[in-house]
Asks: 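Input: one structure, supplied below.
Letters go in sequence order (proteins before strands), and every chain restarts at 1.
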Amino acid sequence: MPETEASIKVQIRQWVAETAERKGVEFTSDDESLTASGVIDSLAIFRLVSFLEETFELRVADEEIVNDNFKSVNEIERFVNGKLASKA
Amino acid sequence: MAFLLNQLLTRSAERFPERPAIWARGRSLTYAELEERSNQLAHLLRERGLAKGDRVGLFFPKAVESVATMFGVLKAGGVYVALDPSAPADRIEYIIQNCGIRALVTTAEKLKTLNPRQIPSVEFTVLAEQNVAPEAGNQIPWMALVGFDGSRPPEPLQPTTTDLAYIIYTSGSTGRPKGVMLTHQNALTFIQWCADEFRVNPEDHLSSHAPLHFDLSVFDIYNAIEAGACVFMIPEEVQLFPASLTRFIVEKGISIWYSVPSALVFLVLHGRLGAADLSKLRIILFAGEVFPMKYLRQLADLVPHAELYNLYGPTETNVCTYYKVDRAVLASQERLPIGRACLNTEVFAVDDRDRIITEIGGEGELYVRGPSVTPGYWGDREKTHKMVVPNRFQPHLEENLYRTGDLVRLREGGDYDFLGRRDSQIKSRGYRIELGEIEAVLLAHEGVREAAVVAVADEEIGARLRAFVTAHNGSALGLPELQHHCASKLPQYMIPERIQVREVMPKTSTGKIDRVKLALEA
């Protein structure tokens with residue numbers, strides 16, 4: 001069964017919330033900048049990429065790992081949806 | 001030759017007033033502007049009663065104001081302490097109280113995170129941002145600087161060779177960070193050596209990758225200023241994304257790069273360096289941890305024209321040895337030497353019988369002597385006496401040696417190999433971490449009976465941290481609560497990636513926690 005859009009966002013949000021929790025960083029909204037708040041650091045970004053690749057069965061190219069695609073939960077969701085649409 | 005760090009700026013400002021000195025977040029300052037701003041801040045600090053040797057904290061994300069503040073504090077005769085803007089408040093408040101910081105240069109947002117009652121030593125703050133409300137009580141807006149003389153720095157306050165310039169806090173085994181004191185002379189020894197060795201010139205563009213509370217940042221900033229070159233502070237949102245970082249190097253025409261190896265490994269793996277025009281990049285320096293050979297070889301192939309240097313040195317000596325990568329032998333090298341002593345510095349290895357090693361292949365602890373060696377740790381005489389010891393090998397010099405705690409081997413030709421640590425200190429992403437400090441934090445939680453932290457070797461970042469704990473009888477240890485506890489006490493790079501609650505700890509025959517066994521399970 002294909003992932004619904006809601007469940008994509010829920011899974012991304014859960015990953016972000018867990019990472020924030022572990023680091024003691026506040027995570028308040030889907031719009032918030034994850035790099036500015038410190039949720040995503042140089043290690044977390046690659047864990048997040050692996051998480052997205054495994055969870056949604058897609059491949060993220062190095063040139064796609066940029067701030068525009070990973071700025072916030074909303075942007076990550078938009079990026080994942082774009083990848084899934086181009087795959088389908 | 002300069003005898004104070006701030007003279008480097010004043011001299012370059014006279015030579016190159018119109019040239020850009022710093023770039024950060026899309027803003028830049030020329031040498032004349034940086035000189036003026038730092039003069040004004042120095043006068044402001046003096047007027048507010050800052051005396052020689054008083055500590056001033058820097059607590060905000062890297063910006064052009066960071067560099068103006070560093071020089072302003074030094075010109076006022078003060079000592080700056082760069083505080084990690086992403087560290088938990090508890091740690092920042094501890095450091096502020098530990099060295100008695102009198103003034104804090106910060107932002108309204110960062111200031112809000114601190115509890116004023118926990119930092120009674122702070123008498124006033126300067127808000128390093130453009131648009132803030134007018135002066136209120138002990139909060140001074142940055143724009144108040146315009147009311148002070150920017151044309152010249154205040155008169156120096158009887159400078160001596162032992163004057164402190166800055167304090168850098170690193171992980172301490174007792175559960176609290178310790179402040180490494182560095183004098184103007186310590187820093188200048190290193191900066192002058194770099195200026196000669198790397199021929200830094202006014203055309204150079206240096207990148208600033210390391211945070212200011214990390215001693216790698218000393219090179220980027222002071223060597224740029226020394227040469228009249230420009231330093232480019234890498235924004236966080238660029239730093240995290242390798243492809244963006246590569247683009248930054250190209251667009252800014254970075255000619256000298258300095259970072260921990262893990263940052264370069266990320267660039268090699270994901271930065272698409274092969275597709276980029278890196279012709280301006282002439283020198284790549286790295287330090288802080290061991291560079292995995294296979295990635296170093298890839299880097300050497302991707303940037304064939306650049307000189308690569310492995311720099312070695314604990315914060316207590318800045319950099320004390322260096323090794324220029326020899327491309328002719330790189331393919332066959334099993335490990336990269338840390339090399340030999342920088343000019344003005346001497347290093348030697350001392351074996352278990354307290355003998356200086358002279359034979360090839362001999363192993364011992366590395367000692368450092370010379371003008372780069374720290375006078376010691378702030379407010380910790382015991383620790384200072386343990387690590388900064390009288391030179392018993394050359395008593396006529398009447399000076400101190402720094403014991404690095406690092407085991408090395410002497411190679412043929414005079415270079416040294418780094419073998420490992422004598423204690424439980426490890427490196428992750430270039431940061432020094434005392435595992436004991438993390439264990440002390442875990443043990444401070446009321447539900448924890450025993451705690452052990454082990455490091456699992458990791459090629460990309462040096463080491464990953466795993467923690468094991470057992471609970472007190474009858475107490476139920478919640479994992480989220482423990483994670484929260486760690487996050488409120490430790491900086492991010494020291495938070496264990498995984499915490500496992502166990503029924504019992506494996507023990508050695510002497511009844512100690514068997515960390516070797518835990519490391520195998522981790």
Side-chain angles (χ1 to χ4, degrees), chain A residues 11-54 58-80 82-83 86, chain B residues 61 84-91 109 113 209 235-247 259-260 262-263 265-276 428-430 458 460-462 464 479-499:
Chain A
Q11 290 181 75
I12 294 168
R13 191 187 294 133
Q14 190 178 346
W15 187 94
V16 168
E18 281 170 10
T19 305
E21 170 79 36
R22 194 169 55 77
K23 295 180 159 190
V25 176
E26 236 180 292
F27 164 61
T28 45
S29 87
D30 291 346
D31 267 332
E32 132 189 353
S33 162
L34 302 175
T35 51
S37 67
V39 175
I40 292 187
D41 63 14
S42 58
L43 280 187
I45 185 68
F46 288 99
R47 278 201 218 105
L48 174 57
V49 167
S50 309
F51 165 79
L52 298 178
E53 289 186 333
E54 283 163 26
L58 46 85
R59 290 289 304 155
V60 180
D62 286 336
E63 59 269 31
E64 292 172 326
I65 309 175
V66 292
N67 194 37
D68 283 350
N69 292 334
F70 289 87
K71 230 183 308 198
S72 63
V73 168
N74 284 337
E75 293 300 321
I76 300 169
E77 185 206 14
R78 185 192 50 77
F79 172 65
V80 168
K83 294 289 283 185
S86 67
Chain B
D84 178 358
S86 62
D90 185 77
R91 189 179 178 91
E109 193 192 334
T113 64
H209 181 275
E236 285 88 7
E237 68 275 12
V238 169
Q239 189 150 155
L240 295 184
F241 302 100
S244 309
L245 199 46
T246 301
R247 207 171 313 128
S259 76
V260 289
S262 46
V265 171
F266 280 131
L267 272 180
V268 165
L269 289 174
H270 306 283
R272 298 172 53 78
L273 288 176
S428 179
R429 281 176 278 179
D458 182 282
E460 288 173 25
I461 63 159
R464 289 175 192 272
L479 209 49
E481 192 195 321
L482 264 184
Q483 284 170 337
H484 182 76
H485 172 76
C486 284
S488 70
K489 305 276 181 204
L490 295 168
Q492 285 195 11
Y493 61 87
M494 288 178 70
I495 300 173
E497 279 188 46
R498 215 175 286 160
I499 303 176

Asks: Do any N or O atoms from the side chain of B:Asp458 and from the backbone of B:Arg464 form a donor-acceptor pair under 3.5 angstrom?
Replies: no
Asks: List the residues meeting ring pair (Phe, Tyr, Trp, His ring centres under 6.0 Å) with B:Phe266, not counting sequence neighbours, and say none if there are none.
Replies: A:Phe46
Asks: Report which part of A:Leu34 has an atom under 4.5 Å of a heavy atom belonging to chain B: side chain, backbone, both, or neither.
Replies: neither
Asks: So which residue, B:Glu236, B:Arg247, B:His485, B:Gln492, ends up with the most heavy-atom pairs under 4.5 Å with chain A?
Replies: B:Gln492
Asks: If you count heavy-atom pairs under 4.5 Å with chain A, which of B:His484, B:Gln239, B:Arg272, B:Glu237 comes out on top?
Replies: B:Arg272
Asks: What part of A:Ile65 gets within 4.5 angstrom of chain B, counting heavy atoms only: side chain, backbone, both, or neither?
Replies: both
Asks: At a heavy-atom separation under 4.5 Å, does B:Pro88 approach chain A through its side chain, its backbone, both, or neither?
Replies: neither
Asks: Of the backbone (N, CA, C, O) and the side chain (C-beta and beyond), which part of B:Leu269 lies under 4.5 Å from a heavy atom of chain A, both, or neither?
Replies: backbone
Asks: Hey, is B:Asp84 close enough to B:Arg91 for a salt bridge, meaning N to O under 4.0 Å?
Replies: no
Asks: Measure the CZ-CD1 distance between A:Arg22 and B:Ile495 for me, rounded to the nearest 0.5 Å.
Replies: 7.5 Å
Asks: Measure the shortest side-chain to side-chain distance between A:Lys83 and A:Leu52 over non-hydrogen atoms and say whether it is less than 4.5 angstrom.
Replies: no
